[in-house]
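Below: one structure, written as C-alpha cells.
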Amino acid sequence: MATIELAGKQFDVDEDGFIQDATDWDEAVAAAIAPTEGVDSMTEEHWVVVNFIRDYYKEFGVAPMIRKLCKSTKMDLKKIYELFPSGPAKGACKIAGLPKPTGCV
Amino acid sequence: MSNTSGKTPKLDKLDKGPWPSFVKEIKRAAEKSPMSKDLLGQLELSYEEKIGHWKHGGIVGVFGYGGGVIGRYSDVPDKFPNVAHFHTMRVNMPSAWFYSTEALRKLCDIWEKHGSGLLNMHGSTGDIIFLGTVTDKLEPIFAELTEAGFDLGGSGSDVRTPSCCVGPARCEWACYDTLNLCYDLTMHYQDELHRPAFPYKFKFKCAGCPNDCVASVARADMSIIGTWKDGIQIDNGAVKEYADKGMNIQKDVCGNCPAKCMEWDGSTMAIDNSLCRRCMHCINVMPKALRPGKERGACIMIGSKAPIVEGALLSSVLVPFMKMEPPYEELKDLVEKMHDIWCEEGKNRERIGEFIQRVGLGNFLEAIEVEPSPYMVEHPRDNPYVFYEEYFEEGDEDEGEEEDE
Ligand code: SF4
Ligand code: SF4
C-alpha cells in the first residue's frame, strides 16, 4: 500500500488513489485530491456534490446510486461530469474521501 | 517455487497439440513486450498454485467517461512488476466488425506502443479488447484512438456497446438493416454508453433474421430480431429442383417444421403462414426456393442474460412486430420508457429481465404502455405473466373456484 501526503497529512491509499481511512479527511484534504481528478479548484457546486456523498455514506455505509445523487443535488449527469470529469465514482467519491465504491455510483 | 526465471513448463504443455493456444500468442508478444513476459510468468505461477493473481475491481478511466476501462492489478507486483497494472480497455467495434486492414494496423500500432500488444478480437459484448496497460497510458491511448476515429465502448452499469449480425452487408436473409440500426443506437445512446447511471448493464443486439447469428436471444437485454409479417415467399420451380436433385422435401423440410404447417405434394409447396413460427428452418434448407416474406421488420424481445445474480434467462417477446426504419422513433420511445421505469424502480445490480420477473410483466407493461399480447406467452395457459382483465367479468371468480373444486 502506498502512502501519500495531502494537505500536510499522511494517508494510505490503494492503487487507484482512494484513501483508506477517512478519519483525517477534511476540506483541505479534498482540495488537495481535487487536481488529481481534473478538478482545478473546488467551487460551491463541487462541495454540494461532495457533501451529499459524504452525508449519504455516513448514513447508509455505501455511496449513493448515481440517480439518487442527481436527484438530490438537482444536477444532471452532464453537470456532474462537467464538475468531475473523471465521473462521480472515481472523481467525486475519491475527493469525498470514500473507500473505493463497488458497483454503486 | 515462484517463476521469475522465464521458464513456463505448465504453460508449455498448452502449446502442444493440434489446436492454437493463447499461450503461443502471449509468447509471441513476450518477445517484444516485457508486460507480456511477466503475464506469462504470473500465469504460470497461477497454474502452479491453482489460484488467480489478479485483484478485483480497480477504478480507472479517462476524463469525461465513466466506463470503457476496467482496472486490473496484480497481487504479486513484486515478482512481476511489469503487470503491476494490467488494465483492460474496451474499444467500440464497427457495426458487424468490418475493418479496413489500415484500421486494424492502426489499432495494433497504438496498442503495441502503449500496452502489452495483446488483443482479444472480440469480447462477448463485441468490443475490441485491449489487454494490459498502465494508468498513466490511458489518456494517451484514448487520444490516439479518437484521432484514429475509434471510441471506447461501455463497461459497468451502462448501455454496453451495441452489436449486430452482418445483416444486409452480406446476408440475403436480413429483414432490416442491422448495421444501420446498430450504428444509430450507438450514436443515440452515447451518454448512456459512456456515463454509467443504470442499475446494471444494458445490452442491445441486432439480428437480421431469426437465425440470430449474434445469439441476441441469449445475450442481450434487448434482442432486436428481424422477422416478417406476411407469408414466406415460395418459388415452386426451385423447390422442384431441390427435389429432383435428391432432397427429401417431405422428410427434411416439412417433417422438421416445428409448426407442422408445410405441405408438399410433389409439385406445389403450401405453407400455412398463420401457424408458421418464423424459425427459418425451411428457408435455411432450401435457400433458393424459399425467402422471408416481403413485409419485414423486427421482433423486440427483452430480458436475456447470463446467470449472475439470478439464473440464466432467454429474452421473451415484448413487441411481436415493429417496422425497423430510420430514425427508429418507435423503438427509441419504447427503450426510453423501459429505462425510465427500470432506473426508477430497479435495484442495484438488477438486470431488466430480473426486474420484470420481480415486478411482474403485467406491471411492467403498464408502466411502458404496451398492450399485453398472446405472443408474450411462452406456452398457452402455462405462463402466469399476463392477466387479461377483459376475460374476467362479473361472476367469473366464483366460476373459477367451482372449477377448482
Ligand atoms: S442473423 Fe439472419 S440476417 Fe443476420 S447474418 Fe444471420 S442469417 Fe443473416
Ligand atoms: S419458418 Fe419454420 S415454422 Fe415456418 S414454415 Fe418454415 S420450418 Fe415451418
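We name chains A, B, ... by the order of the sequence lines, and we start the count at 1 in each one.
The neighbour count for A:Glu5 CD, taken as heavy atoms of other residues, nucleotides or ligands under 6.0 Å away, is above 12. Summarising the local packing, NZ of A:Lys68 is surrounded by 12 or fewer heavy atoms from other residues, nucleotides or ligands at distances under 6.0 Å. Around the CZ atom of A:Phe52, the shell of radius 6.0 Å holds more than 12 heavy atoms that belong to other residues, nucleotides or ligands. For A:Lys9, the NZ atom sits in a packed shell: over 12 heavy atoms of surrounding residues, nucleotides or ligands are nearer than 6.0 Å. Shown here is B:Lys332, whose NZ atom has more than 12 heavy atoms of other residues, nucleotides or ligands within 6.0 Å. At most 12 non-hydrogen atoms from other residues, nucleotides or ligands lie less than 6.0 angstrom from CG of A:Asp40.
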task: Starting from the C-alpha separation in whole Å, work towards a yes-or-no answer on side-chain contact (heavy atoms from CB on, under 4.5 Å) for B:Val60 and A:Asp16.
output: CA-CA 7 Å; B:Val60 284; A:Asp16 293 324; 3.4 Å; yes
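To the nearest 0.5 angstrom, A:Lys100 atom NZ is 6.5 Å from B:Ile59 atom CD1. Between atom CG of residue B:Asp158 and atom CD1 of residue A:Ile66 there is a gap of 12.0 Å, rounded to the nearest 0.5 Å.
When heavy atoms are compared at a cutoff of 4.5 Å, B:Tyr65 approaches chain A solely by way of its backbone atoms N, CA, C and O. Using a 4.5 Å cut-off between heavy atoms, A:Lys78 contacts chain B through both its backbone and its side chain.
Taking both residues in full, the closest heavy atoms of A:Met65 and B:Pro199 are given as CE-CA, 4.1 Å, listed atom of the first, atom of the second, then distance. Across B:His194 and A:Tyr81, no two heavy atoms sit closer than the pair O-OH, 4.2 Å.
Contact check on B:Arg72 versus A:Glu15 returns no salt bridge, with no Lys/Arg side-chain nitrogen under 4.0 Å from an Asp/Glu carboxylate oxygen.
Chain B is approached within less than 4.5 Å, heavy atom to heavy atom, by A:Phe18 from residues 17-34 of chain A, ordered by number. The stretch residues 82-92 of chain B places none of its residues near chain A, where near means some heavy atom under 4.5 Å from a heavy atom of that chain.
In terms of non-hydrogen atom pairs under 4.5 Å with chain B, the most contact-rich of A:Ser86, A:Pro85, A:Gly91, A:Gly87 is A:Pro85.
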